[in-house]
Amino acid sequence: MARSTHHRHYQAFLAQLRELREAAGITQTALGEALGNTQTFVSKFERGERRVDAVEFVEICEALGADPVDVLAQYVARRNAVAATGKKVRRAPRKN
């Protein structure tokens, strides 16, 4: 079981959330405000300094206009791909 925030599966989860936020064109500051929190809160969970629980996950997805079930399904697919290759997750290139 992945207990560390540095485990490759948890890093895949964080990458999924970060990419979702970036694709929505929302800053960390704006997401923090939408969650009734701060930019620092968003930064800390995106960098793996703190874990995101299930309730927070749903709230983050909703604040980004995404269906939490779809986001979780995408994460599971990514996790399975990472597990199959054993490689670390690399951030997808930004689209300009």
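Heavy atoms only: backbone and side chains are in, while hydrogens, waters and symmetry mates are out.
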Inset, instruction - Check step by step if side chain to side chain contact (heavy atoms under 4.5 Å, CB included) holds for R79 and Q11. - result: CA-CA 9 Å; R79 191 191 112 202; Q11 289 297 309; over 6 Å; no
Inset, instruction - Indicate yes or no: at least one non-hydrogen side-chain atom of V42 is less than 4.5 angstrom from one of N37. - result: no
Legend entry - Distance in Å, T5 OG1 paired with R51 CZ, rounded so as to fall on 0.5 Å steps: 6.5 Å
Inset, instruction - State, yes or no, whether a side-chain contact exists between R18 and R47 at a heavy-atom distance under 4.5 Å. - result: no
Legend entry - Pairs meeting criterion ring pair (Phe, Tyr, Trp, His ring centres under 6.0 Å) with involvement of residues 14-39, two or more places apart: none
Inset, instruction - Scan for ring pair (Phe, Tyr, Trp, His ring centres under 6.0 Å) pairs involving residues 42-64, sequence neighbours excluded, and state none if there are none. - result: F13-F57, F41-F45
Review item, side-chain donor-acceptor pairs of residues 61-77, under 3.5 Å, at least two apart:
unit_1 : atom_1 : unit_2 : atom_2 : d
D67    : OD1    : V69    : N      : 3.0
Q74    : OE1    : Q16    : NE2    : 2.6
Y75    : OH     : H9     : O      : 3.4

Legend entry - side chain to side chain donor-acceptor pair (under 3.5 Å) partners of T40, counting only residues at least two apart: none
In a table with atom names and distances, give each donor-acceptor pair under 3.5 Å that connects a side chain of residues 28-35 to protein atoms at least two apart or in another chain.
unit_1 : atom_1 : unit_2 : atom_2 : d
Q28    : OE1    : Q39    : NE2    : 2.6
Q28    : NE2    : E46    : OE1    : 2.8

Inset, instruction - With sequence neighbours left out, write down each residue that passes side chain to side chain donor-acceptor pair (under 3.5 Å) with R50, or none if nothing qualifies. - result: E56
